[in-house]
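Notes follow once the structure below has been shown.
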Number of protein chains: 2
Amino acid sequence: MARRATNPASSDLDARKATILEAVVSEHIDTAQPVGSSSVASSADIGVSPATVRSEMVSLEREGYLAQPHTSAGRIPTDKGYRYFVDHLTSGVLGAVQQQQVSDFFANVRGEVEDVLEQTSTLLSQLTRYTAVVMGATHANSSVLSAQLVNIDAHHQLLVTVFSDGAVIKHSLTPNFDVNYETCAEASRQLNALLIGTTMETPVQVPSRHDHAAVLVRDAVAALHAQQPTADGDNVFIGGSSRVADSFEGVETVRKVLSILEQELLVVSLVEDMLKRGLSVAIGSENGFEPLSACAVVVAPVTIDGAPAGAVGLLGPTRMKYQEAMAAAGAVSQHLARHFGGDEENANH
Amino acid sequence: MARRATNPASSDLDARKATILEAVVSEHIDTAQPVGSSSVASSADIGVSPATVRSEMVSLEREGYLAQPHTSAGRIPTDKGYRYFVDHLTSGVLGAVQQQQVSDFFANVRGEVEDVLEQTSTLLSQLTRYTAVVMGATHANSSVLSAQLVNIDAHHQLLVTVFSDGAVIKHSLTPNFDVNYETCAEASRQLNALLIGTTMETPVQVPSRHDHAAVLVRDAVAALHAQQPTADGDNVFIGGSSRVADSFEGVETVRKVLSILEQELLVVSLVEDMLKRGLSVAIGSENGFEPLSACAVVVAPVTIDGAPAGAVGLLGPTRMKYQEAMAAAGAVSQHLARHFGGDEENANH
DNA sequence: GACTAGCACTCGGTACAATTGAGTGCTAAC
DNA sequence: GTTAGCACTCAATTGTACCGAGTGCTAGTC
């Protein structure tokens, strides 16, 4: 037991074990069935008999890469097995048809940023047959181009703020005094002067007077700054959630996954957590959400001019086609960056 | 065959048949199982033996109200059976706990209209355990309070229009000439003058000159008016889509329903179609979408001061608890109307 | 004439045993 | 170290019998 040192820190397997593990994983991804020793032995380039494969499999199982549903069945990969597989994956390339599909999409897409992101999420989910997530950039680093207070009626004003990234955010004010047109216009003027050029995180020197306009200005600034830039969820688009239903066979699993997807803030935090940890793939329990323990998540950041500008992601079963998914996510994230970044470059040029 | 006149126009059944049908429907809604003659006979106030019930059931089956999964099983209602049941339903009242829950929600809810509607859809789905739809009013009848053109950069302008119902809509302009700050400000001034007080459907006399500001104005008006007021889908909120997974047992049905729900425009057209036809319940094939043939949809319009201001809806299996669903949808729609209408009344007062 | 007790019949569901076969672990020989 | 051979395990399939819920029909009763 102690002789053959099992080195837990080493994630390296001897070459043959690696080949076997990879064969098991990729066949299981294709067939969704437990994989037996004979099909591994016959497949590919292992010039070795099933018996030898079996003894290697026993060892792989001891080390936690494989599991056996029951005694007389083949092996299926554990999360750790998938992890090894993914870590040793040569990065694939998107198929030509799909590449064309992506190019066509970005050549023809038009409309507001939100519409583009929404449609992108649908595209990505069609490309991969998995559920797709597309997140836009937070407005935290954008500066205010215009802030306007609109008088809806005497007790309702709307602060409409336009940011340099094209985002428009509104906040309702409901003061407990009557506001006439002039007061509102005056407050609007002050807000504009005060906020233009600031970001949502810049502290602002609000007027300390007590006249109605000043109160409106203070309330408006407070409303604007109260907004959690990360936690708004306005900028998250989930496409192809119906794919969840054909990724898992149990209705109960489908329900659990859907109920997570419903809470877009959870999805945002999951993706951001992955980006923060530098992960591009989270397998099973790695994603930290128990209801998603049957899922794998692939993410790719969208980077414009070196700055983070959102992310795209894919959610599928742990036996997802990682190579395809990563290729698709990567391609779409790059196209997105070019789509939005390219414009700005032209303009700044 | 021709003697006992089967009057197809008459949806009236003799009293006993009606009782039996209702017993079958309500028991099947509870148990999801085929209902046999003996349980109908023992249940409730039918002072009649199972044999009599059976012969009535044969007749009900011939008339299309009931169906038999197989020879030696009980009966299940057809869509027509559910329809009769629903048409003869005494309108129920929401349970006290749930009533309280709704009141609490509307007493505490705050935020922008969209947030309120979004949260309302979650509330409604929690109340009923079905998937909920909440639609806001179209902006077709709202008038423009403010129209502003913001210069993002030389080739990107943003038309930000604020409507009297508090809606803020943005449209990107990408002219093929450079726009400086003054031109943009001038166009903005003209747009404001031109659009204030109009609705999205009011024709507007645009300037016919060819200077840059005039072109911007024309493009902006065109962009605004190109927006389909019904087809925007910005105003639809679907809550509790994960409930679909426990409304149906087959994964395939779940997938089909989800894929319809993903297309919010379809949902909008379904609900609007029902409202137009004056239906409050659509059962099975009545909703006109084949993939939703296993679903029933309950809708309730939201009416503020007599004007349509949106709708709420519920989607569940055809064996849904219609009374509860209708009560919940009705209560929520009324609360919504009061929530948004009440405010305005105070303000107009 | 309407109702019902009685009865033969149907057929899905369950329980059980037998069979099959994919796949294993072990061992002895190469 | 590898592998052929073999006994073993166990899920899945098949077949059989049976149960029982529920039916339709008929003959008799009120």
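What you are looking at is a predicted structure, and each value in this text was computed from that prediction instead of being measured.
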Contact check, side chains of Val297(B) and Val281(B), non-hydrogen atoms, under 4.5 Å: no

Salt-bridge criterion met for Glu63(A) and Lys80(A) (N-O under 4.0 Å): no

Short side-chain to backbone donor-acceptor contact, Ser259(B) and Ser242(A), under 3.5 Å: no

Position toward the 5' end of DNA chain C (nearest nucleotide), Ala51(B) or Glu61(A): Ala51(B)

Close side-chain approach of Tyr322(B) and Ser280(B), heavy atoms under 4.5 Å: no

Atom pair distance, as rounded to whole Å: CG in Leu60(B) and C1' in dG22(D): 17 Å

Find every protein N or O atom lying less than 3.5 Å from an N or O atom of nucleotides 9-11 of chain C, and list the pairs.
| residue | atom | partner | partner atom | Å |
| --- | --- | --- | --- | --- |
| dT10(C) | O2 | Ser72(B) | OG | 3.4 |
| dC11(C) | OP1 | Thr71(B) | OG1 | 3.2 |
| dC11(C) | O4' | Ser72(B) | OG | 3.2 |
| dC11(C) | O2 | Ser72(B) | OG | 3.2 |

Phosphate-side-chain proximity, Ser38(A) and dA22(C), N/O vs OP1/OP2 below 4.0 Å: no

Distance-only polar pair, side chains of Thr122(A) and Gln126(A), donor-acceptor under 3.5 Å: no

Distance in angstrom units between Met57(B) CE and dT4(C) P, rounded: 15 Å

Whole-Å distance separating the CZ atom of Arg54(A) from the P atom of dC26(C): 11 Å

Nucleotide dT23(D), atom P - distance to CD of Gln68(B) in whole Å: 7 Å

Glu286(A)/Arg83(A) ion pair, N-O < 4.0 Å: yes

Distance test, side-chain N/O of Arg16(A) to OP1/OP2 of dT2(D), below 4.0 Å: yes

Donor-acceptor contact present, side-chain Glu56(A) to main-chain Ile20(A), <3.5 Å: no

Atom pair distance, as rounded to whole Å: CD in Glu56(A) and C1' in dT24(C): 16 Å

Short side-chain N/O contact to dT3(D) OP1/OP2 from Thr52(A), under 4.0 Å: yes

Nearest-angstrom distance from the residue atom CD of Gln33(B) to P of dG13(C): 10 Å

Atom pair distance, as rounded to whole Å: CG in Leu66(B) and P in dT23(D): 11 Å

Sugar-phosphate, base or nothing in reach of Ser37(B), heavy atoms under 4.0 Å: sugar-phosphate

Below 4.0 Å: OP1/OP2 of dG25(C) and any side-chain N or O of Arg75(A): yes

